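We're numbering straight along the sequence, starting at 1. Reckoned from all heavy atoms, side chains included, excluding hydrogens, waters and symmetry mates. Here the structure is a predicted model, which means the values were calculated and not measured.
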Amino acid sequence: MSPMALALLILFITIILFIWEPVPIAVTAILASIIYGYTGIVKVSSIFSSYDNDTNILLAAMMVVGSSLFHTGITDLIGEKMIKLTGKSERNIILATLIVSCTISSVCSNIGVMVAMAPLVTAMCISAGVGPSKALLGLLFGAQFGGFITLVGVGSNAAGAASMAKLGLTPFGFFGITPFGLGISVIGSLYFTFVAARFLPDTGYIPEFAQIEKKKLNKPKAFIAGVTMAVVLVVIAAGFKAIPMHVAAVVGACVIVGAKCMTIKDAF
């Protein structure tokens, strides 16, 4: 099929879905745009090029995916399971958040770790009856600390190794910076947990995605939300070049809204 025929076919199907509206029009429009990119009619990099940068798209989409956990009532269950490990101690929650975020960010994008873990950390804090502001700040620091553990923790590590090779120096191996990164992570995490957090006030901040009325568990929708979140996180962690993080997050958000795990109004 020629690109022109394929483009017209996608447009025709899009118009039919606009009229029939089995899913919100916004979802149809976004998915149609992504399909145009992955059929080669336009460049994938140009799908969201009008929105300043891809990080904004990633954050917005992950807020929808994360919020779906609250809208389907699964956050209470997640929070209860998590605090069985940490207890209701704010200090334990902060330390656990730092350990997990340091570990995951050693091989995943820092931004991906933060946007993925924020709903889970918030749910854990709410279940424990403590404000999430300190734990979320700990999440931020943990994601930064962990980036120094391996060569792929942050892009600058690999770029630095490549520059060393160009200069004729022996570049760092995958675990070449691990001793330094582990030192930073251990010292930073202990300092934040046992010293810095004591001087931080509880700001009372609750992320916008969690600012909804407590809802009963809807098992079918909770299953969809949970699986969607898991798949998006796996794709982000895997770092597939063909599926950028922001595109994976947007598709996940479209699945959430299309499956009516939350309304389009709530998503916006």
Q: Return the minimal non-hydrogen interatomic distance between Cys102 and Ile149, and the atom names on each side.
A: O-CD1, 3.9 Å
(Q) Taking CZ in Phe18 as the centre, count heavy atoms belonging to other residues, nucleotides or ligands within less than 6.0 Å. Is the count above 12? (A) yes
Q: Determine whether Met164 and Ile177 fall in the same hydrophobic cluster, where Ile, Leu, Val, Met, Phe, Trp and Tyr are linked whenever their side-chain heavy atoms lie under 4.5 Å apart.
A: yes
Q: State whether the side chain of Thr178 and the backbone N or O of Thr150 hold a donor-acceptor pair below 3.5 Å, judged by distance alone.
A: no
Q: For Ile30 and Val250, run side-chain contact (heavy atoms from CB on, under 4.5 Å): C-alpha distance rounded to whole Å, both residues' side-chain angles, the deciding distance at 0.1 Å, then the answer.
A: CA-CA 8 Å; Ile30 293 170; Val250 168; 3.4 Å; yes
Q | Residue pair Val247 / Tyr38, side-chain heavy-atom distance below 4.5 Å | A | yes
Q: Would you check, one step at a time, whether the test side-chain contact (heavy atoms from CB on, under 4.5 Å) holds for Tyr51 with Ile57?
A: CA-CA 7 Å; Tyr51 292 90; Ile57 301 299; 3.6 Å; yes
Q. How many angstroms lie between atom CZ of Phe145 and atom CG of Leu182, to the nearest 0.5 angstrom?
A. 13.0 Å
Q: List in chain and number order the residues that pass salt bridge (Lys or Arg N to Asp or Glu O under 4.0 Å) with Asp54, two or more places apart in sequence or in another chain; answer none if no residue qualifies.
A: none
Q) Of all heavy-atom pairs between Gly153 and Asn110, which one has the smallest distance, and what is that distance? A) O-OD1, 3.6 Å
**Q.** side-chain contact (heavy atoms from CB on, under 4.5 Å) between Leu17 and Val23, worked out
**A.** CA-CA 8 Å; Leu17 291 176; Val23 296; 5.9 Å; no
Q. How would you list all residue pairs meeting salt bridge (charged side-chain N to carboxylate O under 4.0 Å, His left out) that involve residues 251-268, not counting sequence neighbours?
A. none
Q.
As an exercise, state the distance from CD1 of Ile74 to CG of Leu217, rounded to the nearest 0.5 Å.
A. 6.5 Å
Q. Is it the case that more than 12 heavy atoms not belonging to Gln211 sit under 6.0 Å from its CD atom?
A. yes
Q. Closest heavy-atom contact between Ser105 and Ala143?
A. OG-O, 3.2 Å
Q | Rounded distance (nearest 0.5 Å) linking atom CG of Leu11 with atom CD1 of Ile41 | A | 10.0 Å
Q. Is it true that Met262 and Met229 fall in one hydrophobic cluster, defined by side-chain heavy atoms closer than 4.5 Å?
A. no
**Q.** Residue pair Val232 / Gly252: nearest heavy atoms and the distance that separates them
**A.** CG2-CA, 3.9 Å
Q.
Applying a strict under-4.5 Å side-chain criterion to I, L, V, M, F, W and Y, I'd like to know whether Val235 and Ile34 cluster together.
A. yes
Distance-only check: which donor-acceptor pairs under 3.5 Å involve side-chain atoms of residues 60-73, not counting sequence neighbours?
residue: Ser67; atom: OG; partner: His71; partner atom: NE2; Å: 3.3
residue: Ser67; atom: OG; partner: Phe209; partner atom: O; Å: 3.1
residue: Ser68; atom: OG; partner: Val65; partner atom: O; Å: 2.5
residue: His71; atom: ND1; partner: Lys215; partner atom: NZ; Å: 3.3
residue: Thr72; atom: OG1; partner: Ser68; partner atom: O; Å: 2.8

Q | Atom pair CD1 (Ile104) and CG (Leu233), whose distance is rounded to the nearest 0.5 Å | A | 8.5 Å
Q: Could you check whether the rings of Phe141 and Phe192 sit parallel, tilted or perpendicular, using 30° and 60° as the cut-offs?
A: tilted
Q. Quick one: does Thr28's side chain get under 4.5 Å of Thr14's, heavy atoms only?
A. yes
Q.
If the condition is side chain to side chain donor-acceptor pair (under 3.5 Å), which residues does Thr103 pass it with, not counting sequence neighbours?
A. none
Q. Is there a donor-acceptor contact under 3.5 Å from the side chain of Lys221 to the main chain of Cys261?
A. no
Q) How many angstroms lie between atom CD1 of Ile264 and atom CD1 of Ile256, to the nearest 0.5 angstrom? A) 12.0 Å
(Q) On a heavy-atom basis, which atom in Ser189 and which in Ser185 lie closest, and how many Å separate them? (A) OG-O, 2.7 Å
Check residues 114-129 and write down every donor-acceptor pair under 3.5 Å in which the side-chain atom is one partner and the other belongs to a residue at least two apart or another chain.
residue: Thr122; atom: OG1; partner: Ala118; partner atom: O; Å: 2.7
residue: Ser127; atom: OG; partner: Ala123; partner atom: O; Å: 3.1

Q. Sequence neighbours excluded, which residues qualify as side-chain contact (heavy atoms from CB on, under 4.5 Å) partners of Ile35?
A. Ile10, Thr39
(Q) Do Leu9 and Ile19 sit in one hydrophobic cluster, given that two such residues count as connected whenever their side-chain heavy atoms are within less than 4.5 Å of each other, even indirectly? (A) yes
Q: Using the side-chain contact (heavy atoms from CB on, under 4.5 Å) rule, take Tyr205 and Leu136 through it: C-alpha gap first, then chi angles, then the decisive distance, then the call.
A: CA-CA 10 Å; Tyr205 169 73; Leu136 289 172; 4.1 Å; yes
Q) For Val42, what residues pass the side-chain contact (heavy atoms from CB on, under 4.5 Å) criterion, not counting sequence neighbours? A) Tyr36, Ser46
Q: Kindly compute the distance separating CG (Leu151) from OG (Ser106), expressed to the nearest 0.5 Å.
A: 12.0 Å
Q: Identify whether Ile13 and Trp20 are in the same connected component of the hydrophobic contact network (ILVMFWY, side-chain heavy atoms under 4.5 Å).
A: yes
Q: Using the salt bridge (charged side-chain N to carboxylate O under 4.0 Å, His left out) rule, collect all pairs that involve residues 71-88, keeping only residues at least two apart or in two chains.
A: Asp76-Lys214
Q: Enumerate the residue pairs fulfilling ring pair (Phe, Tyr, Trp, His ring centres under 6.0 Å) with a member in residues 146-189, sequence neighbours excluded, ordered by first and then second residue.
A: none
Q: Determine whether Ile111 and Leu58 make a side-chain contact, defined as any pair of heavy atoms from C-beta on separated by less than 4.5 Å.
A: yes
Q. Quick one: hydrophobic cluster around Ile187, which other residues, with the 4.5 Å side-chain cut-off, linked directly or via members?
A. none
Q. If you look only at pairs with a residue in residues 183-203, which of them pass as a salt bridge (charged side-chain N to carboxylate O under 4.0 Å, His left out), with sequence neighbours excluded?
A. none
Donor-acceptor pairs under 3.5 angstrom involving side-chain atoms of residues 89-99: please list them, not counting sequence neighbours.
residue: Ser89; atom: OG; partner: Arg91; partner atom: N; Å: 3.3
residue: Ser89; atom: OG; partner: Asn92; partner atom: N; Å: 3.3
residue: Asn92; atom: ND2; partner: Thr86; partner atom: O; Å: 3.1
residue: Thr97; atom: OG1; partner: Ile93; partner atom: O; Å: 2.8

(Q) For Ile47 versus Gly37, what's the shortest heavy-atom pair and its separation? (A) CD1-CA, 4.0 Å
